[in-house]
**Student:** 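Structure incoming, see below.
As a basis for the values below, the full set of heavy atoms in this structure was taken, side chains included, without hydrogen atoms, waters or symmetry mates. We name chains A, B, ... by the order of the sequence lines, and we start the count at 1 in each one.
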Amino acid sequence: MSVRVQTGCFDAGAELNAFSEGLANAGAVVSFTGVVRDRDAGGMVAMEIEHYPGMTERAIAAIAEEARRRWDLADALVIHRHGRLEIGAPIMMVATASRHRAAAFEAAEFLMDYLKSRAPFWKKEIGPEDAAWVEAKDEDEAALGRWSSGAE
Amino acid sequence: MSVRVQTGCFDAGAELNAFSEGLANAGAVVSFTGVVRDRDAGGMVAMEIEHYPGMTERAIAAIAEEARRRWDLADALVIHRHGRLEIGAPIMMVATASRHRAAAFEAAEFLMDYLKSRAPFWKKEIGPEDAAWVEAKDEDEAALGRWSSGAE
Amino acid sequence: MIDCLYFAWVRERIGVPRERVETSAATVAELVEELRAREPRYAAAFEDLSALRVAIDQELADFAAPLEGAREVAFFPPMTGG
Amino acid sequence: MIDCLYFAWVRERIGVPRERVETSAATVAELVEELRAREPRYAAAFEDLSALRVAIDQELADFAAPLEGAREVAFFPPMTGG
């Protein structure tokens, strides 16, 4: 299990290959990559991500630990960037490996749902003249409901 | 949308990067990679995948078309190999891109569930002295039930 | 005349991947009956229809499907790709 | 003495990312009342508690949580990572 919080860019393909290597007994590998996209209104020039050093690592490690407790995972990877990101740049990535594809998919979705709403990151969209904090979506909070029963 | 049926190996990371490029307006990219793993009993030396040329391409294209009809996808990719594959080698890959992570995840799972049970591939596990066709699992057929309601 | 295609263990039991079959069967089920009557290797391949799937002209079908206009009928076990 | 940390627009409204606060508040809610009474910028930051989240010593908590033994209290809007 590997958790990285960093300002630098990462190569999602290279990370996927490094993660998959040596997993000959886990037939299913799922990855999610989040990429900076333009605002719906357009005209964004960059995204700025603030985080809470210390709590971030702790929160992600707890979420990843919970995923391992719930599913039979061979391995899991979480990378999340902070600082200033350009449009089209990768923001974050999650990868999971398991013998069973359903477990790999569910664990990746679980990690994403919790990272979205429980890891201390805040996104700001930077326009040419203005900047605005991204507001949390009700649907992101609602997505956690899927995992609230202890039994999976 | 891209569908490839091939004997040659592929580089999942390079495919993921090529797929993600130029998708600046699709913030969510999900990939699934299936890797040849040893039999539960161990002692496998390779896997042989037979397919039905012509029907294979047609079936995968229909499945991918259905995924695009159901979800708001920016793009989708399916690669599936046939022929003799070594343990640890990639068998197949699915990637989906969307503005919404739930759509990217669901479409990737849908593609996997249908490829497993509706695309004409048959796996044979080759041992040092014996060989055995992989039997279809009830759970793979059951997984299709999730998608049987037309509304998503 | 119909092209019959066989895959995986159906192919192995029958011994050929495809063959042209002279038939006037109206349905897949009738074609299967004709093949079964030919030789033991066909009887072995078509022993348990519930373990078999069929495609007509590269589209999944069922054993009751009519063969009128069909050029190609394929028999195989449940798929195991992905 | 408690370290108060502010993130995102909470930090922007208050104007500093962190500060040491002399307090005898028993709960987070009491601490918020003390801060609100200080200056308008705190009143602006803590105007709507339903729009805020709180962490005590880097664990999510709620406004009724006791502060006894706490070293660090952080205030921020709902997270928007991922």
**Student:** Under a 4.5 Å heavy-atom cutoff, which of B:A14, B:A108, B:A143 has the most pairs with chain A?
**Tutor:**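 Looking at each of B:A14, B:A108, B:A143 in turn, B:A108 comes out on top.
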
**Student:** What is the distance from atom CG of B:D38 to atom CZ of A:R99, rounded to the nearest 0.5 Å?
**Tutor:**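 That separation rounds to 8.5 Å.
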
**Student:** Taking CD in B:E135 as the centre, count heavy atoms belonging to other residues, nucleotides or ligands within less than 6.0 Å. Is the count above 12?
**Tutor:**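 Counting other residues, nucleotides and ligands, CD of B:E135 stays at 12 neighbours or fewer.
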
**Student:** For chain B, find its close neighbours in residues 109-131 of chain A: heavy-atom separation under 4.5 Å, sorted by number, or none.
**Tutor:**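 When heavy atoms of chain B are the reference, residues 109-131 of chain A contributes A:E109, A:M112, A:D113, A:K116 within the under-4.5 Å range.
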
**Student:** Please report the interatomic distance OG1(B:T33) to CG(A:L16), rounded to the nearest 0.5 Å.
**Tutor:**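 Going from the OG1 atom of B:T33 to the CG atom of A:L16 covers 5.0 Å.
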
**Student:** Do B:V35 and A:S20 come close enough that some side-chain heavy atom pair is under 4.5 Å?
**Tutor:**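 The answer is no, as the side chains (C-beta and beyond) never meet within the 4.5 Å cut-off.
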
**Student:** When rounded to the nearest 0.5 angstrom, what is the spacing between CZ in A:F32 and CZ in B:F105?
**Tutor:**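 Rounded to the nearest 0.5 Å, the CZ-CZ separation comes out at 6.0 Å.
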
**Student:** With a 4.5 Å heavy-atom cut-off, do A:D140 and B:R101 have their side chains touching?
**Tutor:**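 In short, these two side chains touch, coming nearer than 4.5 Å.
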
**Student:** So which of A:A12, A:G34, A:P90, A:S31 has the biggest tally of heavy-atom pairs under 4.5 Å with chain B?
**Tutor:**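 Maximum pair count with chain B is reached by A:S31.
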
